[in-house]
Every structure is written in C-alpha cells, then in structure tokens.
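Because only heavy atoms are used, hydrogens play no part in the values below, and waters and symmetry mates are left out as well, while side chains stay in. This is a predicted model, so every value here is computed, not measured. Protein chains get the first letters and strands the later ones, always in sequence-line order, with residue 1 at the start of each.
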Amino acid sequence: MLPKAYDPKLVEEKLAKIWQEKQVFKSKNDGGKNPYVIVIPPPNITGALHMGHGLNDTLQDVLIRYHRMKGFDANWVPGLDHGGIATQNVVEKTLAKEKKLTRHDLGREEFVNTVWQWYKDCGSAIYTQFEKMGWALDQSNIRFTMDEERAAAVYECFKRLWDKKYIYRGKRLINWCVRCTTALSDIEVEHEQRSGKLWHLRYKGADGGADIIIATTRPETIFADSAVAVNPHDEKYKNLVGKKVLIPLTQKAIPVIADEAVELGFGTGALKITPAHDAVDYEVGARHGLEIISVITDKGRMINVPAKYEGMDREVAKKQVVKDLEEAGLLVKEEKYDNAVSTCYRCGSAIEPFLSEQWFVKMDNLAAPAIKAVESGAVQMHPENWKTPLLNWLKNIQDWCISRQIWWGHRIPVWYCRQCSGTGLTFAADKQGRTQLVKVSFEDGAKPILSQTQPACPHCGGKDTVQDPDVLDTWFSSGLWPFSVFGWPKETPDLKHYYPTNMLVTGYEIIYLWVARMIMMGIEFMGKPPFPHVFLNGIVRDKTGKKMSKSLGNVVDPLDLIKKYGADATRFSLLIQAVPGKDIPYGEDSVVGARNFCNKIYNAARFIQMNAEGVEGKLALPAQNTELCDIWILSRYNKAVAAAAKAIEGYDMAAAANTLYHFLWGDFCDWYIELAKPRFTTQDKKRVAAILVNVLYGTLKALHPFMPFITEEIAAGFRKFTNESAEFLLRQSYPASDAKFINEAAEAQMALLQGIITQIRTVRAQFNVPPGAKIKVLFSTSDAREQAVINKYFAYITALAKADNLVCGMDLTRPAQSATAVFANTAIYIPLEGLIDFAKESARLAKELSIVETGIANRTRMLGNENFVKNAPAGQVAKAKEELSQMQLKASQIKEAIAGLK
RNA sequence: GGGCUGGUAGCUCAACUGGUCAGAGCGUCCGCCUUACACGCGGAAGGUUGUAGGUUCAAGUCCUAUCCGGCCCACCA
C-alpha cells in the first residue's frame, strides 16, 4: 500500500537524474521531425535563480514539453550569461567581504580568473536548479556567453560592424556610474523621482551690468559653467544677452547667451550652462562653441575647482557650495523640488553625465529592417500592446555605447601598436612613469588592429601591441544569442536546422535591452529575425504586489519552495496564475493549493490502482459505452484536453492549468470516481477500471508539461495497462481530443442529475440530516425526458445524495412535512418528519422564489420588448422563452411548497 | 509631457468576438475522520463589476468624462 500523502522528495530527485542519464531532453537534428526551438534567456551568473526565472523558464518548459509531445524536435537551448557589470559587482562585493580585497589589489588578470572561478561555482548551482525545477534542458549542451564559440561570434560581429563602419569611437557625454566606474548605455539608466532642492543663485553682472538669478539642482557644478542661457524671446533678459555675468565664488566672467533650450517661465528663466555635466547643456555648448570644463572625476570627486573643494565627493561639495553661497549672500532662494534622477540599473547610484571617449554602434541602419519586421508582423509581440513601445523605441533609436570600463566581459577586440602611430594610438607617461594609453584617433588614416589574440602591428611589424582596455556591454553578446548558440559564424548543421527559433519567452523589462537587439542582430547577420513570436511574461511580485527585492526582504526562494512543497507544486502555482503579460502576486498559499492538487492527483491514482490491480492485462478504453457517467466523463475529458491544448497554443497557461485542474478535481474525482465506487462490486468492474485508467493516464499526459515529476511517476505505474511503449511521457504523444466522444446530450443529462444531487445535499445540510442517514426523496416533474433520466439513474442519486426509496413521477403531490427544492423542471420533495424547521424552510424558499421571480421579470420584459424579439438572434429569443417557462414552473412549485408548509 | 495598464466577493484573480442568475482558489461559517485523499468530503454566506453619463433590444465587456493605483518612455534647470 502506498503512503497516504504524496512525497515529492521521493520522486523528483530520482527522475531528474534519470531524465538526464537517459538523455530524454536531447533534441535530434536528424531531419526526422520539424524543429521547435526556444533559446533560454540566459540567467546572469550573479547568484541563485529567483522566482522570475521560475516563472519564465517554467513557461518555456511547458511549451517545449508540449511540442515535444506533439511530435516536434523540440530544442530548448540552455545557457548562462556572463552578466558584465552585475557579475563584476557581485564578485567584488564577495571579495571585499571575504578577503577584504578590491579588484585592484588582485590586478586585472587575477580578478578575471576569480570571476571565472565564480562562474564555475555559481554556474553549477544554477544547473542544479535547472534540474530541480524539472526543466527539460539538456545539461550536456550548455552554452555560456563567454565560452569560446560565443567569443568567436562576438568577435565576428564586432568585425563585421566595424567593416560596415557602424562601430566608431567618439568623445561624447555619456552616462557614467561613479560607483561602477564605467559608462552605461542610455537604456541601462533608470529614472527615479527623488525629492531634492532647487537653488536660486545670483550671478552678478560683470562690469556693473545687471545680475541674473538662475535656478539649479546642481550648485556644485557652477565651477564648470561656461555661460548663462536665456530664451531668445524672453523680454526680461533681452538686454542682457551678450553681456557677461560672474560665477559666484570664483568671480569668473561668463557670457549670457540666448538659446531655445531654455524654457520660458520655468524657474527664473535663466539657465546655467555646464556642458561637461549635463546633456542639454552639452548641446547648447556645442551650438555656441562654449568651453567644456569638467569638475567631477570618474569617481565622483571634485577637480579643477577652488582648492577648498578639490577632491571632495560631489555630494559633500554640493552642501559646502550651498553653505558658502549662502554666506556670500548669493543664495537667493532654496525650494523643495522633486526631480527625476538618473540611476545606475546595477547599483542604483546617481548617474553622472560624463564626457569621455567610448565605442559606439551606429544604430539607425540596424533598426530600419527591425522596424519593418515588427510592423509587418514578422515578429509579433504577445500580448500585442508591447508592439507600439518597441516600435517607438526602434524609431527613436540612439547610437549604442558599447564600451564598459570594467574587467569582466568580452574585451574589445581592438589592438594598438606601441611602436608606431599607425594604429591611432597616442601614449604618454603617467605620474608613476607608466606608459598609458591616452588618446585613440582614427583620423589621418590610422587603423587599429582587429584581432581576438595579440597580433603584430601590420604597419610597422612591431610586436609590442596592446589591447583596448575596455570590455563590451554584456548585451552585445546576448544580442547574438539566438544564433551564436548554434555556432555562428560557422555554418553548422544546427544553425541551419534550428535558426530561426520559434519563440522567445522573456520579461517585458528587457524588451529594449535584449529583445530589440536580438531582432536587429538576427536580421543583420542571419538575414531573418531570430523568432516570429515574443511571449512576454509578467513579474513575480510578493503577495502585496511589491517587487521582490533583497532590501525589502520579501524574496521567495524557489529552492525553499521545492524543499517544502516540491517542484511540481512550485511550478503549478506559478502557471495557474500565468495570465499572459500579467504580473503575479505570489504568496505561499498558492503553492499550498498546488501541493494539495498534487496530493489529489496522487490519491486518485492510488485509488484507481488499488481497484485496477486485480484486473488482468491491458485496460483498453471500451469502444462502446452505454452507461451515462462513462459517456459523460469521456466527453468532459475530451473537451478538457482540447481546451488545454488550445490554451497552451495561445500562451494562456493559466487557462490551460485551470482547465485541467477543474477537470481532474471536479469532474473526475468529485463525480466520476464517486460514481465508480459502487460499480467495482458489479459486472462493470473491468469497464470502470478501464475508463478510470485511460482517462487518468490521458490527463497525466495533458498535465505533464505543467507538473512533469508527479505525472511521470504515476504514469510509469499505469503504463502496464496501456499500449504505450515509450518509457517517458515526453516520448509519448500529447492527448488528442476525439470529437466522437463529445456528447452534449449526455452532459445535459448528467447536469440534471448533478443538479438534483446538489439540491438534495443542500437540503440535508440545511436541516442537519445526520450524514449517515438515508432519506427518502420524491421527484415530481412535468417533463417526461427528465422523468426518464431520473428514473434510469436512481443509483447515482442513491449513491451521491445518500437517498433511498426514490419515487419519480409526473406531477406527484408534495408530502406533508417535506422540504422542497426545484431543479430544471423537477420538484424535489424530501420528507423530513421531525427534522424540518418550518421557519427556516419558509425563509429558504422565499429567498429562492425572489431570485426566480427576478429572472421571470427580466425575461418577461425582454420578450415583451419587440426590439429584442426582432433584433436578437433567434437562439437568444428561444432561450429566453425556454428559461421563462422553466422559471414560471419553478415559481409555481415553490409557491405551492410555501403554501403547503406546516 | 507622451504612452501603456489595472480598479470585479474579505484577499488574489477569471469571464472568447457585448447575450444564462458575474466564476474560481484562499479565507469565513455550518456539518462530516463516508473504507483514495482532513494536503480531504458535503453545504452555506459573501458582489449595484471605482464613480457619472452615453450607445444598444442587451454592457463587467463598447464610447465619453472623472477619481484612485501601477508601469514605461522623454534633455525642463
């Protein structure tokens, strides 16, 4: 005898191993089957997987397993992302915590080695999680964005873009994170409303001219001011344009200029122009040929400022400058002001607009065909409402800053010669006398060397070449993922067979960072978009709807859930809430519910097994069935399976999971199994067992993509009754719905019986009839068909409503001392001598009556409205008529019952 | 400033192209250890579908306005 409760621990670990050993997840590129391909959004190696991965990858797993069972060569390509800045930050933090070292203590080479070691540890932890979650990922086939093949792809991509002159180096004002000390691309910057202050400062007129008051949120940058700008149409300042004013604290004279960028009416109408530290100012400065003065270093410290402030942190300097301005009487006003602060998406520090030399990719030519692909529907977003934002982004695309001043990542494959100037490099000695790369310029025909490994200089033959110190944006390599995973640029058989992929499943928060880049790169290098469909999943939030974050302490760890409830329950709890595109508020109660469902499946199987064991041989589904509940369950089953498949194909996993959940728990367990119980002692035994086994087995297959472990485990025990030869469900076929089993008439008959049974149960509960007591019931109907059904299936009512001595006839009289219920056209009389509470019964009936009367009134009004009769579809009118007559009958029966009470 | 999105039972969410009495899970209440399952069984209570108008024979579903959330994009100091 099996234990009463399902214990996932006993099966999950075992099956996860067997699946890998027997290579159940391996795809076979042998031309036999159509491919169905999904490349995994490679998780960053920044730590353990979280619930977001749990959802995202489980959705992919459902699609992969479903298509595998549908006969496709389903290939879910596993892999990891090196994660650039994010990973470097994590490793640096660990290093600081564990060894009190910085990356500079280790030096670049040693640090990079440390990260590789980290990758090994963190990576293998992630692989273990893949297995524990039951994801059908072939572990022998893992890719990593930094492995050799992917590095080759990155190099090839860089080279081709360089050759097309899409990649260039330029001095620009870029987004700089002073904590990570690196440049970021525009989309790596987040905007956050922070409460701050707006200071009004007095800039005195030079040579006795008028003063100007400007408003700024960044007083510490006044030392970098090159001008004060006003709107050209601003009457107030018209006479001042061309004059000079003095920067407070330094008395440096700067011109007053007119520029449209200044908005009339905002603040004081005058804007200090600081080209080196503000994007707008940079443009204004360019238009007016202003001097660019940097006063903040890459670490966020003050430089080129009066000695007093030199070396101060920018935030400290801000306070000091305000204080000094106040003392100098030049601070006119200080007001509260909320403004959007740009922050680093990796560490949250305030971004500093920073003038520096960086590598860029020119994007407009890459975006154009991607726009076309999205507009034409060659790439479709699900849900569709993301199409517009994606298009808007592509249409307003900015050049992509791809260089990062960090150590972990693909090094920019550009080399310079230290022996000649042919590669565009200028060197100088720094304070310590080390030779530093100071300036790269490809003007004057200088050409750098593109190479993955150290080359000799093609210009002078010198061997003293040095590689560009920067690394590429981590998204540069992930943009190539859908084809780099198949070995591109090599023309491998896999590349041919599996590209383009069928589907991308990812979160909407990385549409621009990743999805858009893949589309552009795929078209550029492969000639085709990498996938026709993008399925966007929501974010898993905590149960109050907040984003899960370590700082809030509301993070749920999938591994904990697995330990407590099993992987199937963890998966199912996510899937049943996975409405396309919607965020999921996640609480532990949902996984408890899913765990209970697992137990329900297990126990249903246990029960069926107990009763099927005695039966010899196979249990084929009977071709002909005459018993109502058999016909009914087969009809329900075939409908459920069809609905589940349809929902999966529409990416509505919540609908699919719900359908199967309710079919199995409701129809199958609550009704069919209960009706089956008494039949085990009759001639019907083998037939019932056969239907139970087959419907259960089919349902297990239908559920397998959702809960792979428990379904595999149970199905394995039942396979001997079936004709299945394949050992694993993944190698068996997804159940097909067979229309010949769908029987609306049987479902209607069964619905009548279910309704009647429920009515009787309600009455029993209402009047506290002892659960064991059998009660007599009379059915009085005016409908011959209903009479026939009830008469024929007395047994169902006896069994499920604990009734006895049933009598069914046309228009019977209501016995005294009985409770009355009405279902369809049948009145149900339950004699309850001594048990009945007349007041209670009267109240119950009155309530019932009022509901029915509302229904009657509605339908009478509808049918009395000639526009309804004229305009509504004939079916609707007939339905209303039918309902009206039934309700009228019901009302009269209830009235009669009320009148007869006593 | 532009765009997207949501406001449905105590909670979390469903409801296909407008058409039964708006559903489920959890929670609550009542009764049950009925020989698969108390991680269970049976039953009940609970909703003017944010608000105000409109279109329609018919609206949670379409339109307008409005209030309250959430998100994304954008160079207003």
What is the nucleic acid contact for [X], judged by heavy atoms within less than 4.0 Å: base, sugar-phosphate only, or nothing?
X	result
E674(A)	base
F597(A)	nothing
A279(A)	nothing
V262(A)	base
K600(A)	base
Y282(A)	nothing
C598(A)	nothing
R761(A)	sugar-phosphate
K847(A)	sugar-phosphate
T758(A)	sugar-phosphate

Is it the case that more than 12 heavy atoms not belonging to K563(A) sit under 6.0 Å from its NZ atom?
no

Grab the [atom1]-[atom2] distance between [X] and [N] for me, whole Å please.
X	N	atom1	atom2	result
L696(A)	rA36(B)	CG	C1'	12 Å
W665(A)	rG42(B)	CH2	P	10 Å
E509(A)	rC72(B)	CD	C1'	12 Å
F607(A)	rU34(B)	CZ	P	15 Å
E588(A)	rC39(B)	CD	C1'	14 Å
N392(A)	rG3(B)	CG	P	10 Å
D670(A)	rA36(B)	CG	C1'	12 Å
K870(A)	rC57(B)	NZ	P	9 Å

Pairing check on rU34(B): which nucleotide meets the Watson-Crick or G-U wobble criteria with it, both distances under 3.5 Å?
none

Complement of rA65(B), any strand, by Watson-Crick or G-U distances under 3.5 angstrom
rU51(B)

Row check, F607(A) ring normal vs K677(A) NZ/CZ: under 6.0 Å, within 45°
yes

Would you say [N] has OP1 or OP2 under 4.0 Å from some side-chain N or O of [X]?
X	N	value
K677(A)	rU34(B)	no
H191(A)	rC72(B)	no
Y6(A)	rC37(B)	no

Between protein and nucleotides 12-21 of chain B, map the contacts as a letter string: B base, S sugar-phosphate only, - none, heavy atoms under 4.0 Å, written 5' to 3'.
SSS----BBB

When the ring planes of Y672(A) and F668(A) are compared, do they come out parallel, tilted or perpendicular, using 30° and 60° as the limits?
parallel

Would you please classify the geometry between the W386(A) ring and the Y508(A) ring as parallel, tilted or perpendicular, with 30° and 60° separating the classes?
parallel

Using the [atom1] atom as the reference point in each nucleotide, state the distance between [N] and [M] in Å, no decimals.
N	M	atom1	result
rG46(B)	rC29(B)	C1'	11 Å
rA9(B)	rA58(B)	C1'	25 Å
rG54(B)	rU17(B)	C1'	22 Å
rC67(B)	rA44(B)	P	43 Å

Would you please say whether a donor-acceptor pair under 3.5 Å links the side chains of T570(A) and K564(A)?
no

Is there a donor in the side chain of D225(A) and an acceptor in the side chain of Y203(A), or the other way round, less than 3.5 Å apart?
yes

N-O pairing of [X] and [Y] below 4.0 Å:
X	Y	result
R595(A)	E588(A)	no
K879(A)	E882(A)	no
E335(A)	K197(A)	no

Ignoring hydrogens and angles, are the base of rA36(B) and the side chain of K4(A) linked by a donor-acceptor pair under 3.5 Å?
no

